[in-house]
Structure formats: structure tokens, C-alpha cells
Asker: 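Sending over a structure as C-alpha cells; questions will come in a sec.
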Amino acid sequence: MHGDIWIVQSTGNPQFPYRIAISRGTKTLFAVRAKGKWPGSGTNIFCIRDGSAPEDVDIFEEVERVPVVGMDVFGKRISVTLGRPNRKRCEFLILEKARKSGVGAYEQIFFRTQAAIQGHRSRSKISLRGAAELEIAIDSRERYAWKFPGAETVRKTLPVGDYALMRGETIVALVERKTFDNLLGDFGSIVVLHQTLRELSGYDSAAVVIEARYGDFL
């Protein structure tokens with residue numbers, strides 16, 4: 001993670017007594033003021049975005065410094081893995097709430113652990129953005145294409161892959177679809193397979209989906 005560091009400091013503020021930051025060298029990647037330095041079992045910690053001036057940060061008392069071994073951003077979530085055996089996985093959930101007046105919005109940030117995340121997922125259903133908002137291009141050579149109920153679909157010749165998520169005329173993501181037999185056939189012409197993979201790698205978001213069971217590979 002380029003030497004990223006998790007830093008917890010005591011602020012002396014009774015309302016938000018801790019500052020939690022992820023830093024890379026002299027740059028702060030993410031920082032919040034928090035009501036606690038680590039969530040208890042099954043609990044969340046409410047946070048606010050930290051806007052401390054560098055001179056204020058310098059006088060805070062450091063409580064903890066741990067290397068960050070993984071950090072990923074998934075939409076409104078920042079998932080963090082720390083380089084220690086315990087208390088190492090957590091995430092920050094960043095929400096935007098409309099004001100009661102109906103004018104503008106404000107930010108809410110919740111700091112939670114892996115155990116709390118898993119417990120929440122076990123009690124709730126995952127809700128995805130409506131399919132009607134998706135624009136999907138299906139390669140004109142694709143036979144027996146997947147169905148995307150409610151989505152806007154179009155048949156066209158794609159530069160590579162079988163399905164593309166579109167934003168206007170721009171390809172956002174690509175999927176190359178293969179059956180198990182297709183894959184075995186490609187192994188017989190490995191140069192062509194390598195060329196396809198190279199072309200897919202030219203896009204930021206691309207995947208190869210193989211329609212098979214794990215047992216087929218054994």
C-alpha cells in the first residue's frame with residue numbers, strides 16, 4: 001500500500017476525542033474525528049470529516065500507529081485492513097442525508113468492524129441500483145445472449161468481449177463470456193486467447209466469466 005499508515009491521535013475534544021487518519025508520506029488520504037478509537041462488539045462509531053490544520057495535528061497526542069496492508073473504495077465504503085493480528089479489519093461507511101428543510105444535504109460517517117459488517121449483512125438484504133439505469137451493449141456475434149430485464153440493451157459490434165456497460169458511447173466495463181468447452185477450445189489456440197486477454201487489459205474494468213462448475217476443472 002505504498003507505505004500507508006493508520007494513525008490514531010487524541011484530540012482533547014470531549015465530543016470527538018480521537019482523530020483517525022490514513023497517511024501516505026506527508027499526504028493525508030483520509031481523516032475523521034471519531035467518538036472512539038475502535039468500535040466495540042456489534043457497534044458503530046459516529047465520525048465527522050476532519051479538517052484540522054497541520055499545526056493543530058502536530059499538537060495532538062499520538063495513541064496508535066499501524067501499517068495499512070489493504071485499502072479499497074467500494075462506492076460509499078472505504079474498507080481497511082491493518083498489519084496486525086487482531087482488530088485489523090474495518091470500514092468507514094459514508095452516507096449523504098437530505099436536510100429536514102429539504103435544502104441541501106449533510107454527511108454521516110460510520111466507523112465499524114468486520115464483525116459488525118457481517119452481522120448487519122446477515123440481517124438485511126443487499127439493494128442494488130435499478131437495472132433501468134443500466135445501458136448494456138451486447139456483441140452482435142453473441143448467440144443466446146444473457147437477459148437483462150429492465151435494462152436498456154443494444155446489439156452492436158464490440159472491439160473485444162461479449163457485453164459492455166456503456167455510458168453514452170463510452171465503454172465503462174467489459175465482460176468476455178465463455179463456456180467450459182469454449183475455454184478448452186481456446187487452449188488449443190492459446191495465441192488467440194492471449195490476444196483477447198491483452199485487449200481486455202486495455203480497459204480499466206474487464207472480466208472473463210466462465211460458465212462452469214468448479215468440479216469441471218478437476
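Throughout, residue positions are numbered sequentially from 1 according to the sequence presented.
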Asker: Is a side-chain donor or acceptor of Arg84 paired with a backbone partner of Asn86 at a separation under 3.5 angstrom?
Answerer: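 Indeed, once roles are kept as given, a pair shorter than 3.5 Å links the two residues.
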
Asker: Compare all side-chain heavy atoms of Asp50 with those of Phe30 and state whether any distance is below 4.5 angstrom.
Answerer: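 The answer is no; the side chains never approach within 4.5 Å.
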
Asker: Just so I know, are the side chains of Thr196 and Glu176 near enough to count as touching, which here means a heavy-atom distance under 4.5 Å?
Answerer: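 Answer yes - side chains close enough.
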
Asker: Which ILVMFWY residues are connected to Tyr144, directly or by a chain of links, through side-chain heavy atoms under 4.5 Å apart?
Answerer: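 Grouped by the 4.5 Å side-chain rule, Tyr144 forms a cluster of one, so the answer is none.
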
Asker: Considering only Ile, Leu, Val, Met, Phe, Trp and Tyr, and joining two whenever side-chain heavy atoms are under 4.5 Å apart, list the other residues clustered with Ile7.
Answerer: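 Other cluster members: Ile5.
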
Asker: Using a 6.0 Å cut-off, check whether atom CD of Gln15 has over 12 heavy atoms from anything other than its own residue.
Answerer: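 It does not: Gln15 CD has 12 such atoms or fewer within range.
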
Asker: With a 6.0 Å cut-off (strictly less than), is the heavy-atom count around CD of Glu55, excluding the residue itself, greater than 12?
Answerer: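 Atom CD in Glu55 is crowded, with more than 12 foreign heavy atoms closer than 6.0 Å.
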
Asker: Suppose we screen for salt bridge (charged side-chain N to carboxylate O under 4.0 Å, His left out). Which residues come up paired with Asp162, at least two apart in sequence or across chains?
Answerer: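 For Asp162, no residue satisfies salt bridge (charged side-chain N to carboxylate O under 4.0 Å, His left out) once neighbours in sequence are set aside.
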
Asker: Given the ring of Phe16, does Lys35 sit roughly above its face, with NZ or CZ under 6.0 Å from the centre of the six-membered ring and within 45° of the axis?
Answerer: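 So Lys35 does make the cation-pi contact.
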
Asker: Identify every side-chain donor-acceptor pair in residues 93-110 under 3.5 Å, counting partners at least two apart or on other chains, and give the distances.
Answerer:
from   : atom 1 : to     : atom 2 : distance (Å)
Ser101 : OG     : Val103 : N      : 3.3
Glu107 : OE1    : Arg49  : NE     : 3.3
Glu107 : OE2    : Arg49  : NH2    : 2.7

Asker: More than 12 heavy atoms of other residues, nucleotides or ligands under 6.0 Å from CG of Asp58: is that the case?
Answerer: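 Yes - once you tally the heavy atoms of other residues, nucleotides and ligands closer than 6.0 Å, there are more than 12.
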
Asker: Report the relative orientation of the aromatic rings in Phe92 and Phe111; use parallel for angles under 30°, tilted for 30 to 60°, perpendicular for over 60°.
Answerer: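 Parallel.
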
Asker: Going by side-chain hydrogen bond (donor to acceptor under 3.5 Å, both in side chains), name the residues that satisfy it together with Asn182, two or more places apart in sequence or in a different chain.
Answerer: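 Result, side-chain hydrogen bond (donor to acceptor under 3.5 Å, both in side chains) vs Asn182: Thr179.
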
Asker: Arg19 and Ser10: side chain to side chain donor-acceptor pair (under 3.5 Å), yes or no, with the steps?
Answerer: CA-CA 6 Å; Arg19 178 180 185 267; Ser10 176; over 6 Å; no

Asker: Taking only residues two or more places apart in sequence, or in another chain, which ones meet Asp181 in a salt bridge (charged side-chain N to carboxylate O under 4.0 Å, His left out)?
Answerer: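 So Asp181 forms no salt bridge (charged side-chain N to carboxylate O under 4.0 Å, His left out) with any residue.
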
Asker: Of Pro67, Cys90, Ser23, which is the lone residue that meets side chain to side chain contact (heavy atoms under 4.5 Å, CB included) with Trp6?
Answerer: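 One option only clears the test, and that one is Cys90.
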
Asker: Which one of Lys178, Lys156, Arg177 satisfies the salt bridge (Lys or Arg N to Asp or Glu O under 4.0 Å) criterion with Glu142?
Answerer: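 Among Lys178, Lys156, Arg177, the one that satisfies the salt bridge (Lys or Arg N to Asp or Glu O under 4.0 Å) with Glu142 is Arg177.
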
Asker: Do Met166 and Val172 have side-chain heavy atoms sitting under 4.5 Å apart?
Answerer: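 Result no, sub-4.5 Å side-chain heavy-atom pair not found.
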
Asker: Check for a donor-acceptor pair, side chain of Arg141 on one end and backbone N or O of Leu158 on the other, with a separation under 3.5 Å.
Answerer: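 Judged by distance alone, yes, a pair lies under 3.5 Å.
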
Asker: Mind checking whether Arg112 and Glu91 have side chains closer than 4.5 Å, heavy atoms only?
Answerer: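 Yes, close enough: below the 4.5 Å cut-off.
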
Asker: Between Glu64 and Tyr18, is there a side-chain heavy-atom distance shorter than 4.5 Å?
Answerer: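 No, every pair of side-chain atoms sits at 4.5 Å or beyond.
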
Asker: Heavy atoms, side chains only, cut-off 4.5 Å: are Met71 and Ile22 in contact?
Answerer: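 Met71 reaches Ile22 side chain to side chain.
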
Asker: If only atom types and distance count, is the side chain of Arg89 paired as donor or acceptor with the main-chain N or O of Val80 below 3.5 Å?
Answerer: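 Checked: no pair found.
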
